[in-house]
Amino acid sequence: MKSTLDILEATITNVMTEVTGQKDCSALVRPATDAKFGDYQVNGVMPLAKQLKTNPRKLAEQIVAKLNSATADKLSDICETPEIAGPGFINLRLKPELVAANLLQISKDAGQFGIEKAEKPKTIVVDFSGPNIAKQMHVGHLRSTIIGDCICRLLELRGHKVIRQNHIGDWGTQFGMLIAYLRVLYKDKLKQPDSVSIGDLEQFYKNAKHWYDTDPTFADSAREEVVKLHNNDKDTLSVWKEFVKESRRHYQPIYETLQIDLIYAHEKGESFYKDMLPGVVAELKKKGLAVESEGAVCVFPVDSTHSTSSGQTSSPQAGFKDKEGKPLPVIIQKSDGAYLYATTDLAAIRYRVGELKADEIIYVTDARQGLHFEMVFTVAKMAGWVKPETELVHVTFGSVLGEDGKPLKTRSGENVKLKELLDEAVERARKVVEDKNPGLPEDEKKKIANAVGIGAVKYADYTNNRTSDYIFSFDKMLAMEGNTAPYMQYAYARVRSIQRKGRDKGIEVDKEIAQSQSISLTEPSELDLAKHLIRYGEAVSSAVSDYRPNYLTAYLYDLAQKFSSFYNDCPVLDASADKRPTRLLLCDLTAKTIEHGLHNLLGIEVIEQM
RNA sequence: GCGCCCGUAGCUCAGUUGGAUAGAGCAACGGAUUUCUAAUCCGUAGGUCACAGGUUCGAAUCCUGUCGGGCGUACCA
């Protein structure tokens with residue numbers, strides 16, 4: 001089912017082309033900026049008039065005349081007579097009958113809410129989360145993990161084939177440090193690696209890192225260990241395996257807590273590509289792209305986007321520069337022979353395009369890796385490892401900041417552990433539940449606290465524009481007022497409560513909804529809610545097309561607010577017989593939409609009772 | 001130095017290829033409760049969209065410059 005917005009866009013664009021003969025024009029239909037302008041506004045007439053050097057209002061009149069004529073009969077099924085306003089806007093108001101019909105249609109479109117599937121489903125690899133082995137997940141992993149998960153769910157809803165990839169950091173220099181450290185100080189641990197806990201690993205790693213940074217001799221031995229690991233040294237490898245296992249025991253439960261759809265099968269960490277690395281280097285050398293520089297094997301990418309735009313002849317070194325203005329390389333093999341993350345990322349691109357048949361690869365990592373990916377993407381293109389139509393997308397996000405506006409850290413300056421952060425959220429939510437609803441049974445309280453606490457953390461993140469940094473505040477995210485998880489969950493609980501009460505009173509809620517053939521939207525808040533309900537697909541579209549979950553949360557918050565207004569204005573169970581089925585339907589669809597958005601797309605629990 | 005991102009109400013943030021009078025929430029103030037859960041709703045007030053130019057019918061949005069902040073910038077990821 002096409003969204004109303006898409007139909008309007010197509011219909012009006014066609015008419016604009018008919019009227020002017022311009023092929024590349026666009027109606028630019030957008031939601032109205034103010035309810036008094038109707039439901040949608042056409043913004044595309046003014047730019048078109050400019051292009052044709054004609055009066056925009058006059059052009060709008062011609063277009064509206066055509067829209068009102070018999071040939072454009074589709075539009076009169078959807079909207080009231082279009083109105084011209086301001087410098088050349090065309091305002092559109094949906095007919096209540098259209099709203100009613102859509103509402104019925106959506107309520108029968110189980111699970112899909114009238115959301116259209118992609119015309120050409122693609123195979124899309126989404127690379128997200130990527131925790132480091134031997135370190136606990138910290139707040140820095142939160143955004144990649146949950147934003148990546150949401151992007152996957154959105155794409156799946158649109159009918160794409162999504163391949164989730166957890167590119168865990170299990171093969172880097174840090175292992176060299178760790179093992180070199182244990183070799184000197186904790187030989188016994190190396191003999192019994194399965195006895196080492198994640199906490200131990202982290203402490204060892206921290207000590208090793210400090211040592212590495214301050215003692216060149218130790219740094220050398222660490223690098224030797226990396227080489228041994230990379231050469232598949234048996235003993236080193238078996239120790240490594242146990243450490244990876246222990247780390248997995250740590251992060252898998254966190255995924256479950258966060259309702260992230262990542263399992264062992266999605267895990268293709270750095271080590272997965274280890275045997276492909278020599279081939280990557282060899283092929284880049286063979287193609288003449290990789291050269292030796294200062295002892296390392298390097299590719300100097302030529303940034304095509306920078307060199308072709310201005311029309312000037314590009315210098316051979318156009319693109320990436322270092323501090324001194326010299327060409328900046330992608331180092332694919334260090335002077336000691338070890339490989340780097342750029343090498344692994346290149347191998348991964350090859351694998352994803354070649355083996356997984358990816359049409360698009362999405363990387364969900366923080367913005368600081370922007371240059372890295374820009375360069376790696378350029379090298380992959382130079383090497384011909386991606387097709388021209390293959391899309392490589394770096395979906396970036398900002399940092400999580402503390403109340404002081406600086407990156408969130410503990411008092412002692414360490415990264416905040418994700419587990420501890422989530423535990424605290426649940427604990428605080430628990431206090432709120434205790435405060436608001438002390439009479440609930442224990443297990444119910446526990447369930448609610450969990451849903452609210454975890455939901456609050458996720459929702460707060462989703463609701464911020466992913467590209468900007470945001471300030472993490474338990475108080476704000478757990479507030480019942482405003483655009484928060486508890487507010488959304490409460491709105492849901494209230495709808496469900498109506499339905500429960502109805503059944504208690506002997507009203508056959510489901511039957512009444514199923515049998516309602518016609519809908520009467522008479523109250524303003526009914527119509528307002530109904531109009532919003534039929535626009536869920538638009539919200540999903542805008543969220544998925546720009547990979548921005550905050551468009552979805554904004555929609556859901558609007559929905560909850562509109563429902564609350566409706567709830568205040570319109571009795572449901574005590575409504576007259578001609579109104580009740582419509583109102584029950586509005587409630588039902590509100591509940592289902594909130595549940596779908598919150599639970600299915602954002603992975604946040606809804607609660608029947610709060 | 002160069003590159004990328006950012007600067008919007010007292011605070012936290014939205015703002016969809018440039019569109020109408022820049023929007024929410026919190027905090028403040030004023031109303032609504034014999035309740036289908038008030039963890040709610042309705043209203044009032046609050047702005048030189050960092051600053052200065054430019055592009056045009058129209059700029060928070062695009063361009064140039066300035067100031068302020070963050071991040072990145074050859075063997076970490």
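These numbers come from a predicted model, not from an experiment. Letters go in sequence order (proteins before strands), and every chain restarts at 1.
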Checklist entry - Taking only N and O in the side chain of A/K562, is any of them less than 4.0 Å away from OP1 or OP2 of B/C41? => result no
Checklist entry - Does B/A22 pair with anything, Watson-Crick or G-U wobble, both distances under 3.5 Å, and if so, with which nucleotide? => result none
Checklist outcome for this item: Partner of B/G43 under the Watson-Crick or G-U wobble criteria, both distances under 3.5 Å, comes out as B/C29
Checklist outcome for this item: Of B/C11, B/A20, B/U16, the nucleotide closest to the side chain of A/A85 is B/A20
Next on the checklist: Under 4.0 Å from OP1 or OP2 of B/U37: is there any side-chain N or O of A/N437 that close?
Outcome noted: no
Item to check | N or O in side chain of A/N550 less than 4.0 angstrom from B/G15 OP1/OP2 | outcome: yes
Next on the checklist: Tell me if the side-chain of A/K323 makes a donor-acceptor pair with the base of B/G72, cut-off 3.5 Å, by modelled atom types.
Outcome noted: no
Item to check | Minimum-distance nucleotide to A/Q561 side chain [options: B/A39, B/U21, B/G25] | outcome: B/G25
Checklist entry - Parallel, tilted or perpendicular for A/F175 and A/W240, by the 30°/60° rule? => result perpendicular
Item to check | Counter-base of B/G65, judged by Watson-Crick or G-U geometry with both distances under 3.5 Å | outcome: B/C51
Checklist entry - From the list B/U40, B/C36, B/U56, which nucleotide is the closest neighbour of the side chain of A/I498? => result B/C36
Item to check | Whether A/F89 stacks on the six-membered ring of B/A20 base, 5.5 Å and 30° limits | outcome: yes
Item to check | Of the listed nucleotides B/C36, B/U40, B/A74, the one nearest the side chain of A/M480 | outcome: B/U40
Checklist entry - Does a side-chain N or O from A/T33 land closer than 4.0 Å to OP1 or OP2 of B/U21, or not? => result no
Checklist entry - Between A/F377 and A/Y363, how do the two ring planes meet: parallel, tilted or perpendicular, split at 30° and 60°? => result tilted
Next on the checklist: Quick check, does A/Y551 stack with B/U16? I mean ring centres under 5.5 Å and planes off by under 30°.
Outcome noted: yes
Item to check | For atom CG of A/N55 and atom P of B/C57, their distance in whole Å | outcome: 12 Å
Checklist entry - Between B/C41 and A/Y487, is there an OP1 or OP2 to side-chain N/O distance shorter than 4.0 Å? => result yes
